[in-house]
Amino acid sequence: MTQLRVGIIGSGGIARGVHIPNYQKIEGVEVVACADAFEETAKSCAEQFGINQWFTDYNEMLREVKLDIVSVCTPNYLHKDPTIAALNAGVHVMCEKPIAMNAQEGREMVEAAKKSGQKLAMGLMTRQQSDVQALKRAIDCGELGEIYFGKCHALRRRGIPGWGVFGEKDKQGGGPLIDIGVHILDTTLYLMGHPKPVAVSGQTYTKFGTRKDVLGLMGQWNTETFTVEDFAVGLIRFDNGATLEIESSFAANIEHDVMDVKLLGDQGGCSLHPLKIYTEKHRTLYDITPVFLPRASSHEQNIKKFVEAIRNGTEVPVPGEQGLMVTEILDALYRSAEEGREVRLDA
Ligand SMILES: NC(=O)c1ccc[n+]([C@@H]2O[C@H](COP(=O)([O-])OP(=O)(O)OC[C@H]3O[C@@H](n4cnc5c(N)ncnc54)[C@H](O)[C@@H]3O)[C@@H](O)[C@H]2O)c1
């Protein structure tokens, strides 16, 4: 079995909660180095996980340590540079979501992966959930027929993050669309078979984030530096005639948080969370629900499949190109909201 050496860039929450422990579960994979801009963070991460070397400069790590894989776990505004540096150093990369601040940065990353011959995978793990995988198998077998409409929601009632840079447009790129909307959009595009998006119409609102009188159920955020939307809505048209509606919020006056996909096909429809397929068989209407779905961590599956793809020379679970498609749609939604018109992606 090929032994693989992993380096981490950005040794904060997602690196410690997801990437490092999941690499350490895989036989023959060793996390050998970690980097963080803050010395204390890099050092404490190395101590916590028994990592041999730590750095405050990721370029130094790339120069000094022989690596096969790098996980890029820095904030959004620092996805592009470390990813390209690692690819150019001959290392496969798992980059956290979203691919970058905008599609232009994402295109440069995808191009760098092509040129270097290294794999670029995304930390978009929700499609590894067992209900998504079960639904995908049903869709691939024709259970829904031709899918012509989708609706996806990533909605929080009062969930503006009280930590990190989630409210700062210059560091994050956007609000809930970029933070949680990316997950549900990626899952929906995967289920719909990645039709080509051709036009997008969107609107964004900031109704809660700049107010001091709003309840914070995910900690207290800085209302002074809040420059992103807290609700976004969009309609995406695809080249096969299908349409998709997306809604995403950090805060909204709704009953409860929603993370869901609904699809309409000419043979069946479905809801994702919980999984239910609505169909007609022999002139009778049926609702189909799974009796058992295995419990599996989607983060763990994403990293496991990424490592398998490197070992087997096969496609990574979420290729950079598909992460880029999500961000191209988000860019167009933001542009449409700014300009108050539909934005073509095929022009
Ligand atoms: N897939 C998911 O479900 C998921 C969940 C949470 C976060 N994320 C993504 O992970 C990324 C990081 O989020 P987080 O919650 O771990 O943030 P975090 O702030 O906890 O960690 C980021 C780390 O990067 C470090 N850093 C900043 N500049 C650096 C530099 N130049 N070189 C090296 N390190 C540097 C910071 O010091 C910090 O320790 C974001 O892009 C976020 O969108 C994904």
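Just so you know, ligand 1 is whichever comes first in the structure, and atom 1 is the first atom listed for that ligand. All heavy atoms count here, side chains included; hydrogens, waters and symmetry mates do not.
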What residues come within 4.0 Å of ligand 1, counting heavy atoms only? Gly10, Gly12, Gly13, Ile14, Asp36, Ala37, Phe38, Thr41, Tyr58, Cys73, Thr74, Pro75, Asn76, Leu78, His79, Glu96, Lys97, Gly123, Met125, His183, His299

Within 45° of the axis and under 6.0 Å from the centre of the six-membered ring of Tyr278, does NZ or CZ of Lys262 qualify? no

Could you tell me whether the side chain of Ser336 and the main chain of Gly202 form a donor-acceptor pair under 3.5 Å? yes

Side-chain polar contacts of residues 129-141 - donor-acceptor pairs under 3.5 angstrom, sequence neighbours left out - could you list them?
from, atom 1, to, atom 2, distance (Å)
Ser130, OG, Pro294, O, 2.7
Asp131, OD2, His273, ND1, 2.7
Gln133, NE2, Arg127, O, 2.7
Gln133, NE2, Tyr190, OH, 3.1
Lys136, NZ, Asp140, OD1, 3.4
Lys136, NZ, Tyr190, O, 3.0

Heavy atoms of other groups near Lys119 NZ, more than 12 under 6.0 Å: yes

Can a donor-acceptor pair be found between the side chains of Thr206 and Arg211 at a distance below 3.5 Å? no

Fit a plane to each ring of Tyr205 and Phe231, take the angle between them on a 0 to 90° scale, and name the class: parallel (under 30°), tilted (30 to 60°) or perpendicular (over 60°). tilted

